[in-house]
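Please read the structure below before turning to the comments.
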Amino acid sequence: MRSIWNGAISFGLVSIPIKLVNATENHSVSFRQIHAADGGRIRYRKVCELEEKEVAQAEIGKAYEDADGSMIPITDEDLASLPLPTAKTIEIVAFVPASEIDPLQMDAAYYLSANGVPAAKPYTLLREALKRSRRVAIAKFALRGRERLGMLRVVDDVIAMHGLLWPDEIRRPEDVAPQSDVTVREAELDLADALMDTLGEVDLESLHDDYREAVEAMIAAKAEGGGALEAAPAEREGGKVIDLMAALESSVRAAQEARGEGAGEEAQVTPIKGRRSAATPKEPGTKKSTSTARKTAARKTAAKSTSTTAKSTSTAAGKSTAKKSTAKKSAARSAEKSASSESSATKKSAAKKTAPRKRSSA
């Protein structure tokens, strides 16, 4: 990799010669400006206003524009002779925990390479000291005409430096947060937590620039004489009032299905300690516990059983009484018939006794 700056790290009285190398690169697809009517290139030419002619890059220098519009030329030699220890040196001023650095201050990233064999030993010493202390180094350095802040940390076996913005370059977030009072319910927080747990972690190496790939595919299709690619599905419209709970629940289900976990099932929420789960909200009037409900059901079953037994006993008793009544009636009828028969026989016998006997003739 080509170095963009040569200098040294000042570590107390230790000087470590280094080379500065860009740690990042831009993969964005670049476009040229053209004349839409005929496709001709639109170019920016550097023209001298006094001579009205184009000037080569080698003939271009720097200048500071004063308040009255006059130009004060500034050369590279002028900048190099500034009485600053950071002109060619990365001066370490402190070692602090990485947590003290606000990510908003992070700027461009660079790799620091040991410049030459003699630099290997002090370079390795600083690297190992940063590893063991689990801290980062705060430094000042000058690059591209200005002094900057930097943060040195270890990446694998290399010392990397992140440019930091000065504290006064970070704007205050005034009037950025919602101005109206908003209340977030515990159930909504539970669902948000469930969604975060479902999405889980991601391997950053698996992420890629979908937009750049789509642009490259479109360029390739047009270069082969094709037309525009098929339009992608329209994105969801924003700015509309939504049912937050329904949206969270749908998001949890979609994330679970995307990860192949419980597709088609209802979203399950694991309640956080001290919070009531949103998936099983407590409804008014349902104060009975499970054991109480079971006892109530058992009582109802026993009552039904008793009622059924009573009905069966009553029915059996009724049938038995009816049978006894029928038997009594039958016996009475038989007695009446028997008495009637006996009465008839008695009458006939009495009649025979009272009738006069006929005498026989001699």
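Taking CD of Glu213 as the reference point, atom CE of Met218 lies at 13.5 Å (rounded to 0.5 Å). We find the CG-CG distance between Leu130 and Leu125 to be 9.5 Å, quoted to the nearest 0.5 Å. Note that CZ of Arg253 is 11.5 Å distant from OG1 of Thr198, once rounded to the nearest 0.5 Å. For the atom pair CD1 of Ile9 and CG of Leu152, the computed distance is 5.5 Å after rounding to the nearest 0.5 Å. Here the CD1 atom belonging to Ile101 is positioned 3.5 Å from the CD1 atom belonging to Ile138, to the nearest 0.5 angstrom. Ile92 CD1 to Met151 CE: the interatomic distance, rounded to the nearest 0.5 Å, is 12.5 Å.
The other members of the hydrophobic cluster of Ile60, by chain and number, are Val55 (side-chain heavy atoms under 4.5 Å, ILVMFWY only). Other residues sharing a hydrophobic cluster with Leu165 under the 4.5 Å side-chain heavy-atom criterion for ILVMFWY residues are Leu104, Ile170.
Annotation for Leu112 and Val158: closest pair O-CG1, 4.0 Å, computed over non-hydrogen atoms. What you find for Ser15 and Ala8 is that their closest heavy atoms are OG-CB, 3.6 Å. Pro17 and Ala119 get closest at one heavy-atom pair: O-CB, 3.4 Å. For the residue pair Ser10 and Thr89, the shortest heavy atom distance occurs at CB-CG2, 3.4 Å. The shortest non-hydrogen separation linking Leu195 to Ala255 is CD1-CB, 4.3 Å. When all heavy atoms are compared, the tightest approach of Asp156 to Val154 is O-CG1, 3.3 Å.
Between the side chain of Asn22 and the backbone N or O of Thr24, no donor-acceptor pair lies under 3.5 Å.
Contacts classified as salt bridge (charged side-chain N to carboxylate O under 4.0 Å, His left out) and involving residues 9-30 (residues at least two apart or in different chains) are not found. Note on residues 114-169: no pairs pass ring-ring contact (aromatic ring centres under 6.0 Å, His included), not counting sequence neighbours. Within the structure, side-chain hydrogen bond (donor to acceptor under 3.5 Å, both in side chains) pairs that include any residue of residues 125-142 comprise Lys131-Asp157 (at least two apart or interchain). Sequence neighbours left out, the pairs with a member in residues 168-177 that pass salt bridge (charged side-chain N to carboxylate O under 4.0 Å, His left out) are Arg146-Glu169. Note on residues 96-116: no pairs pass side-chain hydrogen bond (donor to acceptor under 3.5 Å, both in side chains), not counting sequence neighbours.
Within the 4.5 Å cutoff, side-chain heavy atoms of Ile90 are placed close to those of Met161. Here the side chains of Ile18 and Ile159 are not in contact, with every heavy-atom distance at 4.5 Å or above. Contact annotation: the side chain of Met106 approaches that of Leu164 to within less than 4.5 Å [non-hydrogen atoms, C-beta and beyond].
Every residue meeting the side-chain contact (heavy atoms from CB on, under 4.5 Å) condition with Asp78, not counting sequence neighbours, appears here in chain and number order: Ile74, Thr75. For the side-chain contact (heavy atoms from CB on, under 4.5 Å) test, residues two or more places apart in sequence or in another chain that qualify with Asn26 are Ser28. Considering only residues two or more places apart in sequence or on other chains, Asp210 meets the side chain to side chain donor-acceptor pair (under 3.5 Å) condition with His208. For Phe11, the ring pair (Phe, Tyr, Trp, His ring centres under 6.0 Å) test picks out Phe95, with sequence neighbours left out. Remark: Leu50 pairs with Cys48 by the side-chain contact (heavy atoms from CB on, under 4.5 Å) rule, at least two apart or across chains.
The environment of CG in Asp38 is crowded: more than 12 heavy-atom neighbours from other residues, nucleotides or ligands sit within 6.0 Å. When the shell of 6.0 Å around CZ of Arg41 is examined, it contains more than 12 heavy atoms from other residues, nucleotides or ligands. Counted within 6.0 Å of CD on Glu52, heavy atoms from surrounding residues, nucleotides or ligands total 12 or fewer; the atom is thus considered open. Heavy atoms of other residues, nucleotides or ligands lying less than 6.0 angstrom from OH of Tyr64 number 12 at most.
Residues Met196 and Leu189 fall into different hydrophobic clusters, defined by Ile, Leu, Val, Met, Phe, Trp and Tyr side chains chained together at heavy-atom separations under 4.5 Å.
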